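Whatever order the structure lists them in is the order used to number ligands and atoms, beginning at 1. Remember, it's a predicted structure, so these values are computed and weren't measured experimentally.
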Amino acid sequence: MTDKTHAQTQLTVEMLYEVLDQLPTPIYIKDSNLCFVFSNRAHCDMVGKTAAEFVGLSDQDIHPAQLAKEFMAKDHAVLDNDRPLVVDEEVRYPDGHLHQILTRKAKYVAPDGRSFLIGTNSDVTLLKKREAQNRAITESIPVGVMQVDENGRISSCNQLLYSYMNREPSNISIEYICATVGKSETEFPGLNSRFECEIVDSGGNKRRLLFISSGWLKLSSSATRSAIVSVVDVSENVELKRINDEIVRLNNDLAENVRLLHDAQDALVRKGRLEQMGQLTATIAHELRNPLGAIRTSAFVMERRLRDSPVDLDAQFLRIKNGVTRCDNIIAQLLDFARGKQLDCKLMNFDEWLSRILEEEVARMPASVNVQCLLGLGDTRMCFDPGRLQRAIINLLANASEAMVGADGNEKLPDSRQAQISISTFLDGASVGISVIDNGPGMSPEVVERIREPLFTTKSFGTGLGVPVIEQIVTQHGGTLEIASEPGVGSSFTLRLPIYEEQALSQTA
Ligand code: ADP
Ligand code: MG
């Protein structure tokens with residue numbers, strides 16, 4: 001730069017004041033007595049006076065005494081200590097409103113040795129208002145929030161987060177938070193992440209907290225990045241889930257108990273009927289056996305006396321005999337059921353025994369029924385009451401055969417299919433299974449539901465005791481009876497008996 005250009009560009013004081021007047025920032029200069037020597041236009045507007053009214057005066061002349069004293073104390077501090085000062089001040093503007101002003105005061109020493117105080121004001125009213133709003137929001141939300149920068153400095157943190165972390169603002173640190181939540185400083189809060197952990201808060205309450213970190217973000221023009229961390233109390237959700245699970249469990253228990261109650265009621269009804277039956281049967285059997293015996297004997301005598309008579313009564317005598325045998329059987333079944341005979345168990349090869357009794361029983365069945373056997377137990381030996389189990393098998397075969405063939409010996413199947421009964425045995429874990437399956441008319445769901453009730457029958461001459469007796473025998477052997485049926489297709493009865501190799505079975509009814 002040449003001397004000439006230097007001279008041309010040299011600023012005069014007036015020019016400088018003119019420039020300062022153009023600036024939007026309020027600027028003022030005070031001398032060492034703290035009297036205003038300059039006030040730019042923005043500063044004049046702020047104070048509500050013209051520069052002429054202003055220059056030469058001190059704060060004491062302009063502001064209330066207390067306020068002026070405060071201002072001037074700070075001015076003195078700057079001039080005396082030679083250090084700039086940044087202060088928050090409240091100034092009432094000419095419009096009557098109180099403004100938040102950030103004032104920067106600095107000392108300037110002129111070449112001639114005189115000291116001046118240069119002040120600049122920034123109106124931060126709006127900024128402060130926003131800050132206060134933000135603070136109010138952060139403090140009122142039910143979420144813990146903090147901002148941490150890359151250097152590990154917590155630049156803001158709400159009260160809730162302090163209380164979750166059980167720490168005062170003065171001694172909280174990111175190291176402490178990491179240790180509390182069990183995270184390393186490399187993963188938290190720098191990585192975008194969410195995780196849950198359990199803590200004990202300042203009130204001694206155990207809480208489950210959900211931590212959500214934004215990971216490092218560039219939030220402002222500053223070089224360091226920050227992470228925003230939100231902390232949500234999810235204890236209640238966990239508690240709700242636990243309560244919900246508990247309710248579901250209780251409901252299941254309740255449903256199971258209701259089912260058990262129904263079963264128990266059913267059993268009671270059955271037992272009640274059983275007891276009634278026991279008394280009735282004893283009486284009926286006693287009362288019927290004698291007249292039946294008398295009928296049988298009388299018929300026998302009559303038959304002998306009339307043997308040579310020209311009147312042919314053979315058919316009638318046969319009917320009497322069959323009728324008496326049938327009644328005898330019914331009485332035997334009633335007594336058998338009502339007394340609930342004790343078991344008399346023997347250790348036997350099951351299949352061998354079954355094939356022997358099937359030979360006898362199948363021979364007694366109507367010729368039109370085709371019987372198939374598939375015995376699959378091999379050498380399995382087990383302890384059971386052969387007499388009682390034979391009764392169960394007979395009842396099963398009788399029911400199947402009665403369902404398919406009428407009293408006249410004719411099939412009563414809807415189509416012309418051959419009446420068939422399949423008997424099979426099989427091993428099922430530690431149990432023996434015996435299935436009797438027929439291709440008869442099957443049963444409606446209502447019949448299946450009531451079939452185990454004593455005295456339930458759909459037959460005109462039925463006793464309704466066949467199935468209850470089977471179930472009684474199976475239960476005495478510690479086993480179960482499964483019944484399945486499809487109308488029009490057939491029925492299947494499966495007995496499952498645990499394999500006992502010695503007489504461990506209940507010996508009482
Ligand atoms: P009952 O034979 O004296 O009627 P049960 O207790 O043996 O008494 O059988 C009850 C009822 O169950 C029968 O009346 C019949 O309706 C039905 N039932 C039993 N077994 C069969 C079967 N294999 N097929 C169709 N219905 C059957
Ligand atoms: Mg029967």
I need the atoms of ligand 1 closer than 4.0 Å to a non-hydrogen atom of [X], numbered in the order shown.
| X | answer |
| --- | --- |
| Gly462 | 3 (O) |
| Met443 | 17 (C), 18 (N), 25 (C), 26 (N), 27 (C) |
| Gly466 | 5 (P), 6 (O), 7 (O), 8 (O) |
| Thr463 | 3 (O) |
| Pro468 | 6 (O) |
| Ala400 | 23 (N) |
| Val467 | 5 (P), 6 (O), 7 (O), 9 (O) |

What distance separates Arg388 CZ from Ile393 CD1, expressed to the nearest 0.5 Å?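 Atom-to-atom, Arg388:CZ and Ile393:CD1 are 13.0 Å apart.
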
Between Phe300 and Phe317, ring centroids under 6.0 Å: no

Option nearest atom 16 (O) of ligand 1 (shortest heavy-atom distance, choices Thr458, Ile470, Asn399):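 Looking at heavy atoms only, the winner is Thr458.
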
How far is [atom] from the closest protein heavy atom, and which atom is that?
| atom | value |
| --- | --- |
| atom 10 (C) of ligand 1 | Phe456 O, 3.4 Å |
| atom 8 (O) of ligand 1 | Gly464 CA, 3.2 Å |
| atom 2 (O) of ligand 1 | Lys459 NZ, 2.7 Å |
| atom 4 (O) of ligand 1 | Thr457 OG1, 2.5 Å |

Should we say atom CG of Asp245 is surrounded by more than 12 heavy atoms from elsewhere, each under 6.0 Å from it?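 Yes, because the 6.0 Å sphere around CG of Asp245 holds more than 12 heavy atoms from other groups.
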
Taking the six-membered ring of Tyr176 as reference, does the cationic atom of Arg167 (NZ for Lys, CZ for Arg) lie under 6.0 Å from its centre and within 45° of its axis? yes

Distance alone, cut at 3.5 Å: any donor-acceptor contact between the side chains of Asn395 and Arg391? yes

Between Ser170 and Glu168, do the side chains contain a donor N or O and an acceptor N or O under 3.5 Å apart?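 There is no such pair (donor and acceptor under 3.5 Å, judged by atom type) between the side chains of Glu168 and Ser170.
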
Thr463 N/O/S atom closer than 2.8 Å to the Mg ion (ligand 2):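 Not a single backbone or side-chain N, O or S atom of Thr463 is under 2.8 Å from the Mg ion (ligand 2).
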
Step by step, work out the side chain to side chain contact (heavy atoms under 4.5 Å, CB included) result for Asn349 and Asp351. CA-CA 6 Å; Asn349 176 310; Asp351 274 356; 3.9 Å; yes

Mind telling me whether Phe384 and His477 have parallel, tilted or perpendicular rings, with 30° and 60° as the class edges? tilted

Non-hydrogen atom of Asp438 closer than 4.0 Å to ligand 1: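 Asp438: in contact with ligand 1 (<4.0 Å).
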
Going by the side-chain contact (heavy atoms from CB on, under 4.5 Å) test, name the single residue among Val232, Ile212, Thr138, Asp233 that passes it with Val143. Val232

